[in-house]
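As structure tokens, the structure follows; a few thoughts come after it.
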Amino acid sequence: MTDASTIAIAAASTGPVLRTVALDTPIVRGEQTIATLQLRKPRSGELRGLSLVDLGQLKVDALIKILPRISMPTVTEVEVGNMETADLLACGAEIGGFLLQKSQRMDALD
């Protein structure tokens, strides 16, 4: 087995990278109340039509587009557009962290 295929197998077996965000103001959908969102690290295809620069700058339009693609439970663009600002910023901070390489995340902790 080559090094590249070993790396691919190891990456596939680790599963998705998830971050949980507790919402200060839960999203209410009928009788369902969503108090936390799990955000999955986006794959390249889920970033189609979005600018990495806009995501890195936490631009609202970009966050409104990406959150429905990577959230569990899935939220709609309308629900994201109605989120409290602090909750949207908390989600954006997690998304911003997903965009960094491991070495950059480690540097930020120092």
Considering non-hydrogen atoms only, spot the tightest contact between [X] and [Y] and give its length.
{"X": "V21", "Y": "A90", "answer": "CG1-CB, 3.8 Å"}
{"X": "A35", "Y": "P26", "answer": "CA-CB, 4.0 Å"}
{"X": "D54", "Y": "A62", "answer": "CB-CB, 3.9 Å"}

Exercise for review: Determine, using the 4.5 Å side-chain heavy-atom cutoff (strictly less than), whether V53 and L67 are members of one ILVMFWY cluster.
Suggested key: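 No, separate clusters.
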Point to revise | Identified side-chain hydrogen bond (donor to acceptor under 3.5 Å, both in side chains) counterpart of E46 within the set K41, K65, R69, R40 | key: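 Among K41, K65, R69, R40, the one meeting side-chain hydrogen bond (donor to acceptor under 3.5 Å, both in side chains) with E46 is R40.
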Could you state the interatomic distance from [atom1] ([X]) to [atom2] ([Y]), rounded to the nearest 0.5 Å?
{"X": "T25", "Y": "L88", "atom1": "OG1", "atom2": "CG", "result": "12.0 Å"}
{"X": "L58", "Y": "I95", "atom1": "CG", "atom2": "CD1", "result": "8.0 Å"}
{"X": "I64", "Y": "L50", "atom1": "CD1", "atom2": "CG", "result": "11.5 Å"}
{"X": "L37", "Y": "T20", "atom1": "CG", "atom2": "OG1", "result": "9.0 Å"}
{"X": "T36", "Y": "L23", "atom1": "OG1", "atom2": "CG", "result": "7.0 Å"}

Review point. Does any pair with a residue in residues 85-97 pass salt bridge (Lys or Arg N to Asp or Glu O under 4.0 Å), and if so which ones, sequence neighbours excluded?
Key: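 Applying salt bridge (Lys or Arg N to Asp or Glu O under 4.0 Å) to every pair that reaches into residues 85-97, excluding sequence neighbours, yields R19-E94.
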Review point. Among pairs that include at least one residue of residues 24-34, which meet salt bridge (Lys or Arg N to Asp or Glu O under 4.0 Å), considering only residues two or more places apart or in two chains?
Key: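 Passing the test, one end in residues 24-34: R29-E79.
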Contact check, side chains of [X] and [Y], non-hydrogen atoms, under 4.5 Å:
{"X": "M72", "Y": "L18", "result": "yes"}
{"X": "M83", "Y": "C91", "result": "yes"}
{"X": "I66", "Y": "V80", "result": "no"}
{"X": "L39", "Y": "S71", "result": "yes"}

Practice item. Among Ile, Leu, Val, Met, Phe, Trp and Tyr joined by side-chain contacts under 4.5 Å, find the other residues sharing a cluster with V78 and list them by chain and number. Key: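 Same cluster as V78: nobody, lone residue.
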